[in-house]
Asker: 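Here it is, the structure, as structure tokens.
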Amino acid sequence: MTDKPKLFGTNGIRGIPGKDYTLEFIIEISQAIGTFFKKGPILVGYDGRNSSPTLAKAVVSGLLSVGLDVYEAGLVPTPALQFAVRTLNYNGGVMVTASHNPPQYNGVKVMGADGVEVSRQQETQIENIYYTRRFKEADWKTVGEAYSETKAIQTYIQGISKQIDADAIKRRSFKIVVDTGNGAQGVAAPYLLEELGCKVISLNGQVDGDFPGRGAEPTPETLKDLGEAVKATGADLGVGYDGDGDRSVFCDEKGVVHWGDRTGALLTDHILSKNPGGKVVTTVSTSSVIDYVAEKHGSKVLRTKVGSVDVSRAMIEKKAVFGLEENGGCCYAPHISTRDGAMTTALMLSFLAKQRRPLSKLLTSLPSYYQRKEKVECPPDKVRTAMKTLESKATGRVERTDGLKIWSGKKSWILIRPSGTEPVIRVFGEAESKAELAKLFDKYLPVLKKVC
Ligand code: MG
């Protein structure tokens, strides 16, 4: 099937409905998904996007038409659907979502019986079924039946509560500002936090497919209001989620919003203190601060390609306890090896409950590295030459897990990686000193710009 375009991107099938794909396509890809699963029941859920209920109906139709029974969970965060698939014994799940993308986008994610996104190989199998139209056939007697699943959110909240010392958190009566960004965590996270005895102040709490508050992506730039609200209310912590609630970005008590590699390093420390020697999985682009923390506990950090599916699948294969990305996606294996914004928040509270110092102080205990991000526009036909040229100029250790990661000494590196979604090559570097970082960029960036 190499001549046919790939349908699955970094994280499921995505695009603008009505422009990039038709409703018919969603029905047919769902027939392919149903044929791949062979048997039901399958759990279907959706995020708060305007097109989600319509697309979910098409998914349900496609699955029923190939003879599988379907349960509809309605509006749920992606991690709630994933946890419910595994815990309530479904044979698979389909989530209608475009995660943090702008409001006009939507798509589907496919989960196996373990609740984790299907592997890259399984995505190709589904694509092959779709392109060869080898759909399982069901006649009027064998079409599936549709039911509703009303326990997904309750099951999810209870599952998270079981993983932490809820009493220790309750004793601290934390005040927390929660910015669900009009996204799907609005139906779960605030309720979990109230159960944990927190005083919850909600921002952009109403689920709204236009994401009018601050858009669907949580970053230090989009979470400025969260920082202000934390300062104004004297809260202990702030947290912002993405549109489907699997990523969480934290804000300290001073109103400063931090990227996920630094807060993730504190969580790594917390989790490894209870699981010494446990394995941690992250991507090639995450800061070396994770390695610094893991070394303290005699643990190994395994690195994958950029993409949460790669992190989750590597966690399962290597029996890792924790997985993380710098964008705020964290996976805690004792709960489920997929990204989960609410589980991560509960872990952060669990960590803070054991500390006497506030989050801003705890973050200063980590080593600081200088980082720089660039992107260079590069037409698809020049990408190969660009990467080959860079490789020929590379001095020092080179890793090829995803693009080229070129090391200079033990702690400085530059990662040059073609984007999976745009005609650009991403360049990301980290070093212990400003001068060392500049040296890396001065050496490789002009080479790249010249070829592209
Ligand atoms: Mg997401």
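If you read the sequence from its start, that first residue is 1, and numbering goes on from there. Computed from a predicted model, the values in this text were never measured in an experiment. First listed ligand is number 1; within each ligand, the first listed atom is number 1. No hydrogens, no waters, no symmetry mates; every other heavy atom, side chains included, goes into these values.
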Asker: At the Mg ion (ligand 1), what angle lies between atom OD1 of D244 and atom OG of S99, rounded to 10 degrees?
Answerer: 100°
Asker: State plainly whether the residues R303 and D310 are in salt-bridge range, i.e. N to O under 4.0 Å.
Answerer: no
Asker: Under a 4.0 Å N-O cut-off, is there an ion pair linking K57 with E72?
Answerer: yes
Asker: Any chance CZ of R120 has more than 12 other-residue heavy atoms, nucleotides or ligands included, within less than 6.0 Å?
Answerer: yes
Asker: Among the N/O/S atoms of D242, select the one at the shortest distance from the Mg ion (ligand 1) and name it.
Answerer: OD2
Asker: Salt-bridged, R49 to D208, with N to O below 4.0 Å?
Answerer: no
Asker: For D246, what is the atom name of its N, O or S atom nearest to the Mg ion (ligand 1)?
Answerer: OD1
